[in-house]
Asker: 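Starting off with a structure, shown below.
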Amino acid sequence: MTDQEMSVRVSAEDIEQWLMERVSYYLETPIEEIDPDVSLAEHGLESVYAFALCGDIEDKLGVTVEPTLVWDVDTVAALTVHLAGLMAELPSV
């Protein structure tokens with residue numbers, strides 16, 4: 001899915017899959033070993049990567065998020081719900 005397609009039409013499943021891929025990349029851990037219901041801190045995500053993930057979210061989804069989002073909404077599952085809600089609030093393109 002391209003960045004443009006992601007920002008135009010996105011489902012919670014698309015968001016969760018993309019988040020899992022990004023977290024896997026930053027943790028250098030196979031995606032299968034990441035539990036979406038476990039906090040990212042418990043998975044070992046360092047603050048520099050949490051900050052980078054916030055930038056990735058802004059770039060990919062076209063929404064503005066606080067740099068602390070990953071600590072405030074700290075699981076992939078919770079982030080998915082939060083981001084899907086933000087995406088639903090965006091005006092249709």
Side-chain angles (χ1 to χ4, degrees):
M1 177 173 291
T2 67
D3 289 353
Q4 184 177 17
E5 290 170 336
M6 178 70 87
S7 65
V8 171
R9 182 182 57 96
V10 65
S11 69
E13 293 81 17
D14 292 334
I15 293 170
E16 182 172 63
Q17 180 61 38
W18 177 78
L19 283 171
M20 293 289 286
E21 291 168 2
R22 297 310 301 154
V23 170
S24 171
Y25 170 79
Y26 287 125
L27 292 175
E28 298 179 352
T29 301
I31 200 167
E32 300 81 23
E33 293 180 20
I34 299 168
D35 183 339
D37 295 312
V38 170
S39 90
L40 295 172
E42 285 183 50
H43 277 299
L45 189 70
E46 297 176 14
S47 59
V48 67
Y49 296 125
F51 184 74
L53 182 58
C54 288
D56 293 344
I57 289 167
E58 289 184 346
D59 291 345
K60 188 71 167 181
L61 301 180
V63 295
T64 302
V65 298
E66 292 296 322
T68 58
L69 175 68
V70 173
W71 301 132
D72 297 336
V73 185
D74 70 342
T75 68
V76 169
L79 272 170
T80 298
V81 170
H82 181 77
L83 294 172
L86 290 178
M87 295 297 296
E89 294 173 5
L90 291 177
S92 298
V93 178

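Just so we're clear, the structure is a prediction, and the values are computed from it rather than from any experiment.
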Asker: For the residue pair L45 and Y26, what are the closest heavy atoms and their distance?
Answerer: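 L45 and Y26 have their closest heavy atoms at CD1-CB, 3.9 Å.
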Asker: Looking at every heavy atom in both V63 and E58, which two are closest together, and how far apart are they?
Answerer: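 Shortest heavy-atom contact: O-CG, 3.0 Å.
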Asker: Is there a side-chain contact between H82 and L69, using heavy atoms and a 4.5 Å cut-off?
Answerer: yes
Asker: Does the side chain of D56 reach to within under 4.5 Å of the side chain of W18, using non-hydrogen atoms?
Answerer: yes
Asker: Grouping I, L, V, M, F, W and Y whenever their side-chain heavy atoms are under 4.5 Å apart, do F51 and V65 come out in a common cluster?
Answerer: no
Asker: Does the pair I57 and L83 meet the rule for a side-chain contact (heavy atoms from CB on, under 4.5 Å), with working shown?
Answerer: CA-CA 9 Å; I57 289 167; L83 294 172; 3.6 Å; yes
Asker: Treating S24 as the side-chain partner and T29 as the backbone partner, does any N or O pair qualify as donor plus acceptor under 3.5 Å?
Answerer: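 A pair under 3.5 Å: yes.
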Asker: What's the shortest heavy-atom distance between A77 and D37, and which atoms?
Answerer: CB-OD1, 3.3 Å
Asker: Indicate the atoms forming the closest heavy-atom contact of L27 with G44, along with that distance.
Answerer: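 It is CD2-C, 3.6 Å.
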Asker: Would you confirm whether H43, through its side chain, and T75, through its main-chain N or O, come within 3.5 Å as a donor-acceptor pair?
Answerer: no
Asker: Looking at every heavy atom in both M20 and V76, which two are closest together, and how far apart are they?
Answerer: SD-CG1, 3.7 Å
Asker: Drop me the distance from L19's CG to I34's CD1, to the nearest 0.5 angstrom.
Answerer: 10.5 Å
Asker: Between Q17 and E13, do the side chains contain a donor N or O and an acceptor N or O under 3.5 Å apart?
Answerer: no
Asker: Under a 3.5 Å distance rule, please check whether S39 uses its side chain to pair with a backbone N or O of E42 as donor and acceptor.
Answerer: yes
Asker: Could you check D74, D72, I15, L40 and say which one makes a side chain to side chain contact (heavy atoms under 4.5 Å, CB included) with L79?
Answerer: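 Only one option passes, and that is L40.
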Asker: Please report the interatomic distance OH(Y25) to CD1(I31), rounded to the nearest 0.5 Å.
Answerer: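 Answer rounded to 0.5 Å: 14.5 Å.
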Asker: What is the minimum heavy-atom distance between E16 and P36, and which atoms define it?
Answerer: OE2-CB, 3.8 Å
